Structure formats: C-alpha cells, structure tokens
Amino acid sequence: MSDLLAHLNPPQLAAVTLPAQHALILAGAGSGKTRVLTTRIAWLISTGQVGAQGVLAVTFTNKAAKEMQARLAALLPINTRGMWIGTFHGLCNRFLRAHHREAGLSAQFQILDSADQLAAIKRLLKNLNIDDEKYPPRELMHFINAHKEQGIRAAQAEAYDAYTSRRVELYAEYEGQCQREGVVDFAELLLRSYELLQRNEPLRQHYQARFRHILVDEFQDTNRLQYAWLKLLAGRGSGKPDTPGGGACLFAVGDDDQSIYAFRGAEIGNMHDLQREFELPEVIRLEQNYRSHGNILDAANALIKQNRGRLGKNLWTEAGAGEPIRVFEGYSDIAEARFIVEEIGELVRNGVSRQQIALLYRSNAQSRVLEHQLFTEGLPYRVHGGLRFFDRQEIKHALAYLRLLANPDDDTAFARVVNFPTRGIGGRSIEALQEAARQTNSSLYNAAASLAGKPGSAVARFIALIESLRAETKDLPLPEVIDRLIERSGLRQHYLAEKEGQDRLENLDELINAAAGFVHDDGGPAVDGEEAVPDGGPLASFLAHASLEAGEHQAGEGQDAIQLMTVHAAKGLEFDIVFITGLEQGLFPHENAAQEREGLEEERRLMYVAVTRARKRLYLTHAQTRMLHGQTRYCLPSSFLEELPVELLRRINRAVASAPAAAPRPAAGAGWPKPAATNGLRIGQNVRHTRFGLGVIVSTEGAGPEARVQVNFGSGGMKWLALEYAKLTPA
DNA sequence: CTCAATACCTTTTTT
DNA sequence: AGGTATTGAG
C-alpha cells in the first residue's frame, strides 16, 4: 500500500486517493496520467473499496488498454483478465455479445470496419439504383456515422431539405441492410449498447449496480454518444434517479489542450459538461511534467496560451531549462530533409539511439522526402501508421471466407470473395444475384444457393465450395480452418502464381499463426453470480478481434530506427529528440483549418502536442518551397513560430543553406524554383500588400498590363491580384 | 472476364 | 507526384 503511493507528487496523490466521488483530472502532457489512472484502480481495489469486477476502465486505443492492464497486473496480485478494461468499442462488443438477444442481434454478428462499411454503402446505393455522383458513398458514410455518434437514429434525424431527407432515407435503408446481414459498424456497437442500456431497465440496473467506479482515459476525445453512455452507466443519463445502489463514480482523466480529434466527432465541450452536470467541486490539475526540459515546456505553454476557453494549466518541471529550441529554414523541402538527416547523422555519431529520434509532420505526404533522404544516407527508419495487418487485402480476403462460414448472410464478405480468386463470376452474374436477393428479401448467399439450379454453373460451384468448407472445418481448431480455407478457396494458388505474391503468402501464414496464438477470451470466469454467457464462440470472437484490433503496423518493431509519423500518431509518445517539420503556413496550420478560429485552435493544440513530445531537444524546421500535389508551392513560415518566445529559440542556418538566397541556383538544382519574371516580380518573392500584409508570390499569369500574380498571404489566404491595380511592394 | 488507360483526388484517424 | 478507382478495349 505505502509502496503503491510512494513517489506520487501531491496532486497525483490527491487524485489517486480521492474519496468515492466524481472527478475530473486535468492531466498535462507528461504529467503521469496513466500512472494516476492505474494507481487509482489499484488503490481502490487494494483498500477494499471495490472488487475487481466493480471497476470499468475505458480507453480509446487498444494500446492504451493493454498498457493499463499490464501496469495493473504489476501493481496487483490479482488476475486482471476478468476485469472490464478496454476500449469503448471493445467493451461494447463484449456487452453486445453477452446480451445479443436483447440487442436484437445474432450471436454471430460481425463487425464492419470502415472499409467494409464503405463497401456496404456502395452496394446499397447500387441496389437502390442511386446515383453515387449525387450521393457520394464517403459523404453518406460520414453523414450516417456523424448521426450515430450523436445518438441519432434515422427515425429521429432531422431533414431540413430534400437532399438531406433523401440521405436520411438512405440512412434508414442502411440500418435495414445491416440488420438483415447481421453486421454492425463501429458506431453501431456504441449506439446499440447505449440504446439497450437505456430501454432495458433490469439490465441497466444490473450494470449500474455492478460498476462502482468508472475510469476514463483521454476524456477530451469522447464524442457525445460516448459521454452519454458513460453517464448512463454512472446512473446519470436516464433522467430519473434510478440507481438503487447509488450509481458509479466517474473518474475522468483528460487534457483539453491535447484535444486533436474534433474532426472525427470529439467534443471538448464534454469536459465542461462533465463539470457542470456532475457538479464537480474542483478539478485536480497535474501540471508537473516529468518529460521535457524547461525551455520546451515554456514554448508549449506560451503557444497554448493563445487558445481561448481553456480550462487552464501551466506545465512546469524540476529539470533545468535545457537547450534552446533549434529553428531551421531550408530553401526547399529537400534542403530541409537534407539538414535533418545530416543533423541526425551527427547525433547518432554522438551516441544518440536512433529510436529516440522522431520526425513529425502534419500530413502523411510529407514523409516521402524525409524517407528518401534517410534512405540515401543509409539510416534505418520506421514509418508509423501505414497499412495494418488486418487491413491487408489478402488478410481481408481470407477473413471474408471465414466470415462467410460464420454467417452466410454477410453480403459484404460474400461480395468480396465470390469472384476472388476469379472463378468466372463477373459483374453480370453478381447483378443477377443482387436482383434475386432483393426480390426475395434475402442475402446474396441465399439467392446464390437457390439460383444455383444448374449444377455446373460457376455460382453453384462457389456455393458448393463454401458448403463443403463449412462441413469439413466444423470441428477443426481455428488455425486449421484458416489453413484449409486458404487452400480450398484457391487463395494460396492465386498468390503463388502472382509474382509479387510472396509477401502475401507469408502474411497468410502469419494469419494462421495469429489464430493459433489467439486466446479466446469469453469474458473471463463468471463474476458475482452472472452466468457465463454464450458469446458466439471462438470464431466470432476471433473475427471481432480482427476488426477491433487491426494489428500493429509493420515488422521491424524492435529495430533501432528513426521514428517517422504524423503529429496525430505521436500523441502519447515521447522521444529524446524531436523534429517538427514542414512548419509552414497552409501546411501546419493546415489551410483547411486555418480559416476559422476553432480550426486554428485545434491546429495549435496539435502543435502543442508535437512540442511536448520532446524530452531533451526540439528542432523546428520549415522550407521556403515545397512540392505539393506535383507542384512547387512557395511557403511562409508557420504563424506558430511567431507565437513562441524568441528568447527560447536559436536559429540555425548552415552556411550552405543560407547562401542561395542571394545567389539563386540554376533551375536544375534540387528543388530550387524556376523564377518566372513578371514586371520585376518573380515566383517565390516576398511581397507586401497594403491590405493583406506579407505574402509570397506563388504563381504568375499573363504579361504586361494583364499580368496577374497569385500570392499566398498565409493566414490571409491565397489571392489572385492584377499587377496593374494591386499595390504590391517587394518585401 | 481481364487488363490497360484514364480520371480523380489529396489533413489529421481509432475503433 | 502518386496512388487509387473507375471506365473502356480486347
């Protein structure tokens, strides 16, 4: 016990040992957030205030959930496996499996990932003969998901115009299709769980009485539905006070300054709402930072202060000020990359471990130049956030066969593999199947089975294949089922013949290994009188695992390599040395976000997250020109650079890099723009406009009196100006 | 049905 | 630029 609480600072200790009450913990970057969360759980359990089954701990990512579980296992001598620790989606899946009947689902219900969902929507539109130009599938998917995340069903959705009312109809059709097929998308997992809890009083009371303490990580990232779900479980959401047991204590940990997912529905407002609705007397702030040197924190604090409506927080450290923040300007993205790689070479020679160096960027497209340069110099690197294991096409194909075995009504799976590997069932045949399925209001599989009158037809052969596979794998263990299916479906043969198929075959073998290593978690031993609930068995469980946990990115995990990732992907991580690259107006802050204050503030939070990743040394780099969408763009430095106190910064300009500004290189030089003269102004030149201020000429058009120039005024936007009228002076 | 050419798009992303 | 998605020819 005393061990448990040792080494906690006063606010951490206060948070961990808070009496049974609702609480909001404002945990700054690097302030020991996960530690507080796990120690709180361990403290509650070890002091006998709650049993392990009375705890519900929610995170957003599997990684965070796993880490919490691992740390807890180290703190407590109990088995954490039966505990409800997991992601929102993982826990809802568990809940729905246990109560599938009440939720109106089969025990075998499948989970659609985003790609499956998009495919399902495309199929729906095709079936209904809807012009997908007018109703773009992606847009419709977003429309549907946004509604679900607000807790709004098609029946309640408001339509203020004809277009939207049609989209609402399509939403309803989509709901119907999913229900028919026995599939559930990500948002549906949450909404179903929420609705079931809300309308089923005994069930709600059961869970409300069971969970005494609900702990939430990254609370600033919750959307409305997730917050509503939490409130319901805590006994606050159903209007009347219907919690005989008194309801649970909600312990939310978050940082409004690190909210960077508003674009996908996260509501920072939930933090304010939580304070108000749960009548929180106070907010505990964890402001002591154990990660970064002082200069880095000062920079972060100065930056984030520009945002309005914050809950407010100032990070500090006992570590010294450390080094100044290095700022580098290159004349092109290539020069920027070259500088970075040279600098890394120097660091590595001085003994810095490569995996302690991170290159961060705003958008994925920026990684290419960096990768190229690293590759040229022979520095090992690892790009995070690529294609994940269960997202690979060969894996998705194999899983689709598996899904079809588990649930023949899964049309998404059917459509995916009915002609893969090709077996002569083309567009025509599939349309016929779709027509038949619609007429009989049944699945593609059923339509195919009843339509396969001609025994020799391709469709009949496909059905026969699936049927015999199902029969012969019925009692086999999962890995063997998959092995058999890869063989019999012709997948193996197909990739064997493909010249690039070697990797894919290896991945398929890896899938078999994954199945062999997969531990079917049926929710653990029955707890306090709950019956062990049938959950669909190991097959459904493995498929859910594949959808919910797409698998860590790539191999090369343990390699000592430079780490490359977007700023978003870097959240929660830390490195000795961090390069924030591409700090240019329009890129970071991104042009699509810089127009409104809300957008700019989210970008600033993103920058805040980036800055606070660094432990010892921080580099901020930007370039004057950058290849974007196949065109050279002329860029102004990011406004965020100006928001940092100058005394913390040190500009580095290598002799080589600063020279060309005076004496432009020939056009053949790496990335140096071709100057196109127009009335004495040329591309790339800085200019000043009386109204728009400072800008850079991006392109020119025409000549003489008709000449126009396009100027990037940074936050002022991109403007076309006629030279004859616009008062532009070189700056 | 398969392959090749062409149109299109492009912030961030977990589940 | 570069990748994907859809369309058109064989």
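Residue numbers begin at 1 in each chain, while the letters A, B, ... track the order of the sequences. Nothing here was measured: the structure is a model prediction, and the numbers come from that model.
Distances shorter than 4.0 Å separate some side-chain N or O of Asn364(A) from OP1 or OP2 on dT13(B). For Asn62(A), a side-chain nitrogen or oxygen approaches OP1 or OP2 of dT15(B) to under 4.0 Å. OP1 or OP2 of dT2(B) sits under 4.0 Å from a side-chain N or O of Thr422(A). For the OP1/OP2 pair of dT13(B) and a distance below 4.0 Å, the side-chain nitrogens and oxygens of Thr566(A) include at least one atom meeting the criterion.
At a threshold of 4.0 angstrom between heavy atoms, the contacts of Asp113(A) with the nucleic acid are absent. At a threshold of 4.0 angstrom between heavy atoms, the contacts of Phe60(A) are confined to the sugar-phosphate backbone, with no base atom among them. At the heavy-atom level, Tyr261(A) lies under 4.0 Å from the strands shown only through sugar-phosphate atoms.
When each of dT13(B), dT15(B), dT11(B) is scored by its nearest atom to the side-chain atoms of Ser114(A), the top-ranked nucleotide is dT15(B). Comparing dT11(B), dT15(B), dT14(B) by their nearest atom to the side chain of Phe186(A) picks out dT15(B). Here the side chain of Arg362(A) is nearest to one of dT12(B), dT14(B), dT15(B), namely dT12(B).
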Between protein and nucleic acid, restricted to nucleotides 1-10 of chain C and to nitrogen or oxygen atoms under 3.5 Å apart, what atom pairs and distances do you find?
none

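Side-chain contact check for Gln366(A) and Ser363(A): at least one donor-acceptor pair (N or O, by modelled atom type) lies under 3.5 Å.
Judged as a salt bridge (Lys or Arg N to Asp or Glu O under 4.0 Å), and not counting sequence neighbours, the contacts of Lys396(A) are Asp113(A), Asp116(A).
Separation of the C1' atoms belonging to dT11(B) and dT6(C) is 25 Å when rounded to the nearest angstrom.
Taking the charged nitrogens against the carboxylate oxygens, Lys122(A) and Asp132(A) have no contact shorter than 4.0 Å, which rules out a salt bridge. Taking a cutoff of 4.0 Å between a charged side-chain nitrogen and a carboxylate oxygen, Glu431(A) and Lys126(A) do not qualify as a salt bridge. Using a cutoff of 4.0 Å between basic side-chain nitrogens and carboxylate oxygens, Asp503(A) and Arg392(A) are not scored as salt-bridged.
Figure legend: Arg153(A) and Tyr171(A) shown without cation-pi pairing, the cationic atom not lying both under 6.0 angstrom from the six-membered ring centre and within 45 degrees of its axis.
The distance between atom CD of Gln366(A) and atom C1' of dT11(B), rounded to the nearest whole Å, is 10 Å. In this structure, Phe389(A) atom CZ and dT14(B) atom C1' are separated by 19 Å, rounded to whole Å. Atom P of nucleotide dT15(B) and atom CD of Glu218(A) are separated by 12 Å, given to the nearest angstrom. Taking atom CG of Leu587(A) as the reference point, atom C1' of dT12(B) lies 12 Å away to the nearest angstrom. Look at CG on Leu387(A): it is 14 Å from C1' on dT13(B), rounded to the nearest Å.
Where His89(A) and His568(A) each meet DNA chain B at their nearest nucleotide, the meeting point lying more 5' is that of His568(A). Heavy-atom nearest nucleotides on DNA chain B were determined for Leu606(A) and for Gly424(A), and the one closer to the 5' end corresponds to Gly424(A).
Between Tyr619(A) and Phe579(A), the angle of the ring planes stays under 30°, which puts this pair in the parallel group of the 30/60° scheme.
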